[in-house]
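Working notes, beginning with the structure itself.
Letters go in sequence order (proteins before strands), and every chain restarts at 1. What you are looking at is a predicted structure, and each value in this text was computed from that prediction instead of being measured.
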Amino acid sequence: DAGVIQSPRHEVTEMGQEVTLRCKPISGHNSLFWYRQTMMRGLELLIYFNNNVPIDDSGMPEDRFSAKMPNASFSTLKIQPSEPRDSAVYFCASSLWVTSNQPQHFGDGTRLSIL
Amino acid sequence: DAKTTQPNSMESNEEEPVHLPCNHSTISGTDYIHWYRQLPSQGPEYVIHGLTSNVNNRMASLAIAEDRKSSTLILHRATLRDAAVYYCILRDGRGAQKLVFGQGTRLTINP
């Protein structure tokens, strides 16, 4: 079975540029999560969606970050303009939202470097 | 979110059992105990979860103390592939979806 698919796997760009990260959740999953991992802050939740609707975006660092889920099989996380401090590994995860405690399934992440 | 405390690192030998401890003294009655692990250069991976009773699956066992203030993840026969960072996470069973990751335990397996 295909897992959560993220693209690109690596992105290197200059500060000020727009960055778009993409995620395809597992088919049938109706919850989608975006996390960021850095050495300083560890793994932190940025935003999550249920049935394509954003539920909690309190982890989004600032207005430069935005996330969309136009349909059940695709989500994007956009940074505009990007800054060096945005350099991190960004993970997307999906799960079934039926009862509590459904496991989250993570993609392999996008390693983002802002120069 | 209730907090968990784990050792920063542990080391074990291949083919031996590994017991990874987690303290959660402020756990509430509706909190489930979840374990995830993260192998190098990969996203976190679900391992196991439980509420009160001990749990077993193909990956590991979870032993939960009677007062629920601590738990232990047990890998019965460690392999080199089990080298990872292991996260113990409390998750409110009343519908909480977000996972709050701490620093975890970095497990090293010696051949």
Side-chain angles (χ1 to χ4, degrees), chain A residues 2-7 9-10 21 23-26 29-51 53-60 67 88-112, chain B residues 1-9 24 27-53 55 57-60 62 64 68 71 73 84-106:
Chain A
V4 174
I5 299 172
Q6 292 186 245
S7 63
R9 287 298 311 275
H10 303 272
L21 310 182
C23 176
K24 178 178 168 56
I26 292 172
H29 281 188
N30 51 2
S31 292
L32 184 138
F33 305 80
W34 282 101
Y35 291 85
R36 177 171 71 173
Q37 186 170 34
T38 62
M39 289 294 291
M40 291 293 292
R41 299 174 65 91
L43 263 164
E44 50 185 351
L45 177 70
L46 300 177
I47 185 172
Y48 77 91
F49 298 81
N50 284 342
N51 293 326
V53 176
I55 302 300
D56 183 351
D57 65 354
S58 60
M60 295 286 263
V89 181
Y90 290 80
F91 290 102
C92 177
S94 71
S95 72
L96 279 171
W97 177 46
V98 178
T99 60
S100 303
N101 294 302
Q102 296 296 317
Q104 293 184 14
H105 300 261
F106 286 75
D108 285 335
T110 294
R111 183 173 296 276
L112 178 64
Chain B
D1 297 307
K3 187 178 166 63
T4 64
T5 304
Q6 300 177 251
N8 288 333
S9 62
H24 28 78
I27 191 171
S28 75
T30 56
D31 284 337
Y32 280 73
I33 302 156
H34 287 247
W35 285 81
Y36 282 73
R37 72 179 185 181
Q38 187 173 20
L39 278 63
S41 300
Q42 293 188 25
E45 174 187 31
Y46 167 80
V47 178
I48 200 167
H49 77 273
L51 182 63
T52 56
S53 304
V55 184
N57 67 20
R58 63 175 181 81
M59 290 181 70
L62 176 60
I64 302 172
R68 302 212 320 126
S71 60
L73 180 71
V85 178
Y86 286 77
Y87 298 97
C88 171
I89 300 167
L90 299 184
R91 196 174 179 194
D92 193 328
R94 291 171 294 182
Q97 289 187 268
K98 56 195 292 184
L99 294 173
V100 180
F101 289 84
Q103 293 306 305
T105 297
R106 182 173 298 278

Query raised in the report: Counting N and O atoms only, with roles assigned by atom type, does the side chain of A:Tyr35 sit under 3.5 Å from a partner on the main chain of B:Gly43, one being a donor and the other an acceptor?
Result: no

Minimum-distance pair of heavy atoms, taken over all atoms of [X] and [Y]:
| X | Y | value |
| --- | --- | --- |
| A:Gln104 | B:Tyr36 | N-OH, 2.9 Å |
| A:Ser58 | B:Lys98 | OG-NZ, 4.4 Å |
| A:Phe91 | B:Gln38 | CZ-NE2, 3.5 Å |

Report task. Please look at A:Leu45 and chain B and tell me whether the side chain, the backbone, both or neither of the residue comes under 4.5 angstrom of a heavy atom of that chain. Result -> side chain

Query raised in the report: By a 4.5 Å heavy-atom criterion (distance strictly below it), what part of A:Gln6 contacts chain B: side chain, backbone, both, or neither?
Result: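 Contact with chain B involves no heavy atom of A:Gln6 at all.
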
Query raised in the report: Under 3.5 Å, is there a donor-acceptor pair linking the side chains of A:Asn50 and B:Gln97?
Result: yes

Requested in this report: Enter the distance from A:Phe106:CZ to B:Gln42:CD here, rounded to the nearest 0.5 Å.
Outcome: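 Here the rounded value is 12.5 Å.
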
Query raised in the report: More than 12 non-hydrogen atoms from neighbouring residues, nucleotides or ligands closer than 6.0 Å to CZ on B:Arg68, yes or no?
Result: yes

